[in-house]
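As a basis for the values below, the full set of heavy atoms in this structure was taken, side chains included, without hydrogen atoms, waters or symmetry mates. Predicted model, so just to flag it, every value in this text is computed and none were measured. In what follows, chains are A, B, ... by sequence order, proteins preceding strands, each numbered from 1.
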2 protein chains.
Amino acid sequence: MSTGGRRRRVTIADVARHAGVSTTAVSKVLRNAYGVSAAMRERVKAAIEELGYRPHAAARAMRGRTYTIGVLLPELRNPFFPDILDGLYAQLSGTDYQVIIVTGGPDAKAENRAIDALVDRQVDGILMVAPRVARARLEEVACGLPTVVLGPHEKSALYDAVLDDDEVGAELVVRHLIGLGHRRIAHIGQREGTPRRAAAMLHTIRARTYERVMREHGLDDEIAIATTSYSEEGGYRGARELLGRSPRPTAIFAGADLAAFGALTALHEAGLAVPGEVSLAGYDNTRLAALSTISLTSVDQDGDVMGRTAGRLLLERIEGRTSSVRFSITPTLVPRRSTAPPPQT
Amino acid sequence: MSTGGRRRRVTIADVARHAGVSTTAVSKVLRNAYGVSAAMRERVKAAIEELGYRPHAAARAMRGRTYTIGVLLPELRNPFFPDILDGLYAQLSGTDYQVIIVTGGPDAKAENRAIDALVDRQVDGILMVAPRVARARLEEVACGLPTVVLGPHEKSALYDAVLDDDEVGAELVVRHLIGLGHRRIAHIGQREGTPRRAAAMLHTIRARTYERVMREHGLDDEIAIATTSYSEEGGYRGARELLGRSPRPTAIFAGADLAAFGALTALHEAGLAVPGEVSLAGYDNTRLAALSTISLTSVDQDGDVMGRTAGRLLLERIEGRTSSVRFSITPTLVPRRSTAPPPQT
DNA sequence: GTGAAAGCGCTAACAC
DNA sequence: GTGTTAGCGCTTTCAC
């Protein structure tokens with residue numbers, strides 16, 4: 001019942017001895033570095049194979065690269081994130097880089113700890129998805145290692161940004177609803193994290209755009225926003241709040257599909273038919289939105305391309321690029337059965 | 001536009017100098033080790049605070065612990081996994097341990113690479129959720145570091161197991177459907193990974209139990225299994241296959257909620273009402289199953305408790321336990337509107 | 001109770 | 001093209 005003697009790790013020295021070369025030679029083969037003859041490369045590779053050698057990541061981290069890309073995710077429940085990660089994996093496949101994921105948790109403090117964990121583990125590059133920590137923090141991280149930020153709209157000379165044109169996306173939704181004849185259109189948003197960053201956060205942009213388009217159509221008085229969070233729970237609470245108003249909205253634009261799912265439950269509990277009595281739209285076009293029994297009108301932002309791009313930008317930075325890049329995706333509307341003209345009054 | 005001079009990391013030596021003590025003393029304070037006076041502890045802690053020191057994980061990994069728990073997840077889309085992780089986080093909160101997640105990908109080979117990545121990064125403990133690699137591989141890992149395996153039913157003296165009593169769960173579903181009057185009940189399962197492990201895999205147990213209960217009720221001839229995968233796509237394909245048979249089943253038991261969601265799409269495309277014409281049940285009782293427009297009958301296995309337990313067992317092993325523990329959860333049925341008596345013929 | 005020093009496995013100068 | 005060697009930041013004997 002003992003865990004048994006953990007046999008000593010095979011090290012680079014063992015491989016060198018076995019192949020009859022120096023440790024330097026082995027190290028160079030490992031890194032595909034310049035300065036080893038083809039013959040030696042073969043011998044070393046054979047020795048690695050025979051001994052089942054695998055580089056010790058921590059030892060590498062002490063001197064060089066860890067061949068690790070760290071990804072910070074706010075949480076694991078939003079079905080849009082796997083789309084992004086699939087793109088990242090696709091971009092990184094074929095390289096020696098390995099992705100490790102940490103989750104940020106509920107507040108900026110927890111998120112900061114998660115970022116620390118990545119930095120402490122010497123990742124070669126970091127992708128922060130929809131981070132809520134202060135901008136100064138992002139720059140501090142970016143100052144120390146290749147960084148890509150996905151989501152927020154801030155410009156920075158220190159890190160690359162991959163983002164969705166949330167203004168276009170939100171406008172598509174609101175115009176779609178107005179085009180169907182709705183006037184009492186409400187919005188479910190997310191509470192901003194750090195107040196000073198609010199303007200750059202994607203949820204703020206979606207909310208502000210909603211307000212702007214409403215005003216442009218003379219619907220100033222119909223503006224109604226419930227500020228909760230982009231989660232099922234948040235969507236549920238937000239919808240409850242909005243449905244409690246009188247007169248109640250005929251359409252709800254949730255800032256994220258996940259929140260729309262929660263809103264769906266609230267609508268059902270209130271005995272309101274979708275889209276018969278209330279239309280509902282989301283954002284992200286997650287796979288579940290396409291599910292027949294949900295059939296949620298949503299905004300498609302290509303997560304796969306975003307993930308791929310983030311991966312490419314990280315690799316470029318690791319290879320030495322220091323100038324800053326900003327990559328923006330233009331979203332499209334995917335109308336489904338959850339939106340329809342408002343009921344005749 | 002430069003990334004700027006990455007300022008040198010604060011090291012243990014800096015802290016020692018600042019506090020006027022040795023590096024040994026600092027190290028001891030960091031690890032809450034025995035052999036430092038209270039006064040010295042205070043001085044060191046103050047110095048750490050002032051300098052903003054954070055331990056370098058890789059350097060620690062070279063000699064001692066990394067304070068990292070590695071989690072292997074098959075993929076990121078199954079909404080049941082976040083439940084497990086929430087439990088794990090809860091158990092680990094308050095400790096110095098940080099969780100990093102890697103995903104196994106589509107096949108055993110990719111999963112092996114992901115496990116390697118965790119081992120190479122010297123995690124202090126590893127949690128493998130529903131691994132599909134060979135059993136020998138699990139034991140090999142467990143031989144080198146504290147290991148908990150969540151899902152498979154194999155017994156091992158080398159690692160701890162946290163599992164759901166899938167036999168009970170599957171039986172609940174099938175009996176529920178039979179109790180409603182169904183006879184033509186079909187099942188959507190997952191292709192086993194390594195053939196030799198099949199018997200221990202949770203998806204095999206769910207399928208075998210389905211068969212057993214069907215036989216016990218004299219429904220041998222009605223047994224119909226589509227073996228795809230526990231994914232939306234797999235559920236879709238499985239349901240299409242099953243609905244193509246004649247006569248078609250009046251109920252489908254999908255081995256996972258995620259697969260049931262895919263089956264829902266197939267049912268809808270085929271123009272079949274749920275539960276009017278075909279009843280549908282899942283497994284995992286994910287939050288989305290409770291969604292009003294889905295309202296999926298499912299089996300609840302307490303993911304939070306499973307995650308908590310996995311965390312506790314890992315901590316115990318890290319603290320030195322070498323005997324092997326097996327923790328089993330008993331699931332319960334959550335009937336919802338997706339199951340009803342079969343249509344009158 | 002405290003500190004000096006060795007060394008974990010690797011990479012990168014630098015010498016040959 | 002190849003090998004020698006000095007560390008990276010920490011933990012851990014082992015003296016004091």
Nearest-angstrom distance from the residue atom [atom1] of [X] to [atom2] of [N]:
X: His56(A); N: dC8(D); atom1: NE2; atom2: P; answer: 18 Å
X: Arg17(B); N: dC10(D); atom1: CZ; atom2: P; answer: 12 Å
X: Tyr34(A); N: dT2(D); atom1: OH; atom2: C1'; answer: 13 Å
X: Met62(A); N: dG7(C); atom1: CE; atom2: C1'; answer: 11 Å
X: Arg121(B); N: dG9(C); atom1: CZ; atom2: P; answer: 17 Å
X: Arg65(A); N: dG9(C); atom1: CZ; atom2: C1'; answer: 18 Å
X: Asn32(B); N: dT11(D); atom1: CG; atom2: P; answer: 12 Å
X: Gln122(A); N: dC10(C); atom1: CD; atom2: P; answer: 16 Å

So, are Lys45(B) and Glu42(B) salt-bridged, with charged N and O less than 4.0 Å apart?
->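 Salt bridge: no.
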Does Asp14(A) come within less than 4.0 Å of Arg17(A), counting only side-chain N to carboxylate O?
->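 Answer for the salt bridge query: yes.
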If we only count heavy atoms from C-beta on, is the Ile69(A) to Val123(A) side-chain gap below 4.5 Å?
->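 No, side chains not in contact.
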Does a side-chain N or O of [X] approach OP1 or OP2 of [N] to a distance below 4.0 Å, or not?
X: Arg60(B); N: dG9(D); value: no
X: Tyr53(A); N: dG9(C); value: no
X: Ser22(A); N: dG3(D); value: yes

Answer with yes or no whether the side chains of [Y] and [X] bring together a donor and an acceptor at under 3.5 Å.
X: Asp124(A); Y: Thr66(A); value: yes
X: Ser37(A); Y: Arg41(A); value: no
X: Thr68(A); Y: Arg121(B); value: yes

What pairs of nitrogen or oxygen atoms, one from the protein and one from nucleotides 12-16 of chain D, lie under 3.5 Å apart?
residue: dT12(D); atom: OP2; partner: Arg31(B); partner atom: NH1; Å: 2.7
residue: dT12(D); atom: O4; partner: Thr24(B); partner atom: OG1; Å: 3.3

Going by the salt bridge (Lys or Arg N to Asp or Glu O under 4.0 Å) test, name the single residue among Arg312(B), Lys155(B), Arg317(B) that passes it with Asp160(B).
->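 With Asp160(B) as partner, Arg312(B), Lys155(B), Arg317(B) yield a single salt bridge (Lys or Arg N to Asp or Glu O under 4.0 Å), made by Arg317(B).
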Where each residue is assigned the nucleotide of DNA chain D containing its nearest heavy atom, which of Tyr67(B) and Val36(A) is assigned the position nearer the 5′ end?
->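 Of the two residues, Val36(A) wins.
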dG3(C), dT2(D), dG1(C): which one has an atom nearest the side-chain heavy atoms of Met40(B)?
->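 Looking only at side-chain atoms, Met40(B) lies closest to dG3(C).
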In residues 86-93 of chain B, what donor-acceptor pairs under 3.5 Å come from side-chain atoms, sequence neighbours left out?
residue: Asp86(B); atom: OD2; partner: Arg77(A); partner atom: NH1; Å: 2.8
residue: Tyr89(B); atom: OH; partner: Thr103(A); partner atom: OG1; Å: 2.9
residue: Ser93(B); atom: OG; partner: Ala90(B); partner atom: O; Å: 3.1

End axis versus end axis in the helix from dG1(C)-dC16(D) to dC16(C)-dG1(D), the angle rounded to 10°, five pairs used at each terminus =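 End-to-end axis angle for the helix from dG1(C)-dC16(D) to dC16(C)-dG1(D): 40°, rounded to 10°.
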Would you sort out whether Tyr67(A) and Arg31(A) count as a side-chain hydrogen bond (donor to acceptor under 3.5 Å, both in side chains), showing the intermediate values?
-> CA-CA 10 Å; Tyr67(A) 295 94; Arg31(A) 291 172 291 123; 5.7 Å; no
Between Ile12(A) and Ala38(B), which is nearer to the 5' end of DNA chain C once each is assigned its nearest nucleotide?
->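 Its nearest nucleotide being more 5', the pick is Ala38(B).
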